[in-house]
Amino acid sequence: MCFDHDSRPPGLPAEVPIAGAAAAERLELTSADGTRVSAALAQAPEAAPTGVVILPDVRGLYRFYVELAERFAEAGHSAIAMDYFGRTAGTGERGEDFDFWPHVAETRLPQVQADAAAGLAVLRERTGVRAAVTVGFCFGGSQSLMVATRPDLGFSGVIAFYGGLADRGEVMPSPIDRAGDMHGPILGLYGEADDHIPMAQVSELDQRLTAAGVEHEIYSYAGAPHSFFDRRFDEYADACEDAWRRMLGFLSDAGAPAS
């Protein structure tokens, strides 16, 4: 599990101008196969050209990611957070006792990618963003990395927080094995004290992306564990601020007009 139920996304760095309050709207997406998927859309009061599609951890859409969409919007980047489990658990809000593991076991990469494309379509339609980037966490970090193998989906880059790199069979192939198929830019953010993801795997991903000539940055925070991106963890506040700065810089670059 990535986050406790009382976790909250870290606040924006002090130097980031706040565009204004952004309350997320709950809605449903329609994926390519007709599946209805829960989502939360936060529109920036003063929108930047780059938006965000948020890919949550194994619990799917819950409060942390709704609030994270609002933080992105306050920083000027309209964002939509999506669920994974429309095919097996239906739509709507779920309680803390939601048993997500059976639903994770039924997820399939092509379906998640189709759902992400549906999220992108709504984001563009509702907010007018010119470009969009995926931002994923843990299970969603793996999903975000795999979006980089699908330039046809229309994303301008991917960001992965502690995205798992092991081979999960039908649920998720190893992103390391698909590094040669990826297209940049890619930003990967990891904790060196992560007891779920060995740093040897992170280094191997970095090396394979470099060998394939993929534009990327893989950055690891000393002493940070899995799920360090959490407002409750004062000891990782510097890492959280740095991660925000790296993300916002990445988004700015992704939205810049081609030279």
Side-chain angles (χ1 to χ4, degrees), residues 2 50 52-58 82 84 104-105 107-117 119-120 131-222 224-229 239 242-243 245-256 258:
C2 261
T50 309
V52 178
V53 174
I54 299 171
L55 304 176
D57 63 57
V58 289
M82 48 170 282
Y84 300 117
V104 173
T107 60
R108 296 295 180 266
L109 180 62
Q111 294 171 336
V112 173
Q113 292 177 340
D115 297 348
L120 175 59
V133 165
T134 57
V135 178
F137 294 78
C138 189
F139 179 70
S142 304
Q143 297 286 354
S144 192
L145 289 171
M146 294 303 291
V147 165
T149 69
R150 293 284 309 277
D152 57 303
L153 294 177
F155 289 97
S156 298
V158 305
I159 300 173
F161 275 84
Y162 25 86
L165 300 173
D167 188 336
R168 303 298 183 187
E170 288 187 287
V171 173
M172 172 60 65
S174 169
I176 294 172
D177 294 339
R178 297 292 305 277
D181 300 324
M182 293 181 183
H183 297 258
I186 296 168
L187 173 62
L189 300 171
Y190 288 86
E192 289 186 1
D194 192 325
D195 57 3
H196 297 282
I197 305 172
M199 284 297 100
Q201 290 183 352
V202 177
S203 295
E204 186 174 2
L205 174 66
D206 193 1
Q207 292 165 11
R208 292 204 186 186
L209 290 170
T210 298
V214 179
E215 180 185 354
H216 73 285
E217 179 186 12
I218 305 296
Y219 189 84
S220 299
Y221 293 96
H226 198 70
S227 303
F228 68 84
F229 194 71
D242 184 76
R245 293 185 183 104
R246 289 175 188 272
M247 282 197 293
L248 295 175
F250 188 96
L251 288 165
S252 179
D253 291 344

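What you see below is based on every heavy atom in this structure, not just the backbone, and it leaves out hydrogens, waters and symmetry mates.
Residues Y162 and F228 bring their aromatic ring centres within 6.0 Å.
The shortest heavy-atom contact between V214 and A179 is CG2-O, 4.0 Å. Shortest non-hydrogen contact noted between F139 and V58 is CB-CG1, 3.5 Å. Heavy atoms only, all atoms of each residue included: G191 and M199 are closest at O-CE, 3.3 Å. The heavy-atom pair separating A116 from V53 by the smallest distance is O-CG1, 4.4 Å. Across all their heavy atoms, A243 and L189 have their closest contact at CB-CD1, 4.0 Å. Taking both residues in full, the closest heavy atoms of L205 and P175 are given as CD1-O, 4.2 Å, listed atom of the first, atom of the second, then distance.
The distance from the CG atom of D57 to the OH atom of Y84 is 7.5 Å, given to the nearest 0.5 Å. The distance from the CE atom of M146 to the CG atom of L153 is 11.0 Å, given to the nearest 0.5 Å. Here SG of C138 is found 8.0 Å from CG of D194. Values are rounded to the nearest 0.5 Å. We find the CZ-CD1 distance between R208 and I218 to be 13.5 Å, quoted to the nearest 0.5 Å. A distance of 7.5 Å separates CG of D177 from CD of E204, quoted to the nearest 0.5 Å. Taken from CG in L120 to CG in D115, the straight-line distance is 12.5 Å, to the nearest 0.5 Å.
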List the steps, then state whether side-chain contact (heavy atoms from CB on, under 4.5 Å) holds for D152 with Q113. CA-CA 11 Å; D152 57 303; Q113 292 177 340; over 6 Å; no
Output, in order, the C-alpha distance, side-chain angles, deciding distance and verdict of side-chain contact (heavy atoms from CB on, under 4.5 Å) for S156 and T50. CA-CA 9 Å; S156 298; T50 309; 6.0 Å; no
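Proximity of a side-chain donor or acceptor of Y190 to a complementary backbone N or O of G163 within less than 3.5 Å is detected. Formation of a donor-acceptor pair under 3.5 Å by the S174 side chain with backbone atoms of L165 is found in this model. Side-chain atoms of S144 never come within 3.5 Å of backbone atoms of G140 as a donor-acceptor pair (strictly under, hydrogens ignored). In this structure, the side chain of S252 does not engage the main chain of L248 through any donor-acceptor pair within 3.5 Å.
Using cut-offs of 30° and 60° for the angle between ring planes, the F161 and F137 rings count as parallel.
Judged as a salt bridge (Lys or Arg N to Asp or Glu O under 4.0 Å), and not counting sequence neighbours, the contacts of R178 are D181.
Residue F250 forms a side chain to side chain contact (heavy atoms under 4.5 Å, CB included) with just one option from V135, V158, L187, and that option is L187.
Proximity of P185 to D253: side-chain heavy atoms (C-beta onward) are nowhere separated by under 4.5 Å.
Sorted by first then second residue, the ring-ring contact (aromatic ring centres under 6.0 Å, His included) pairs that include residues 197-219, not counting sequence neighbours, are Y219-Y221.
Heavy atoms of other residues, nucleotides or ligands lying less than 6.0 angstrom from CZ of R168 number 12 at most.
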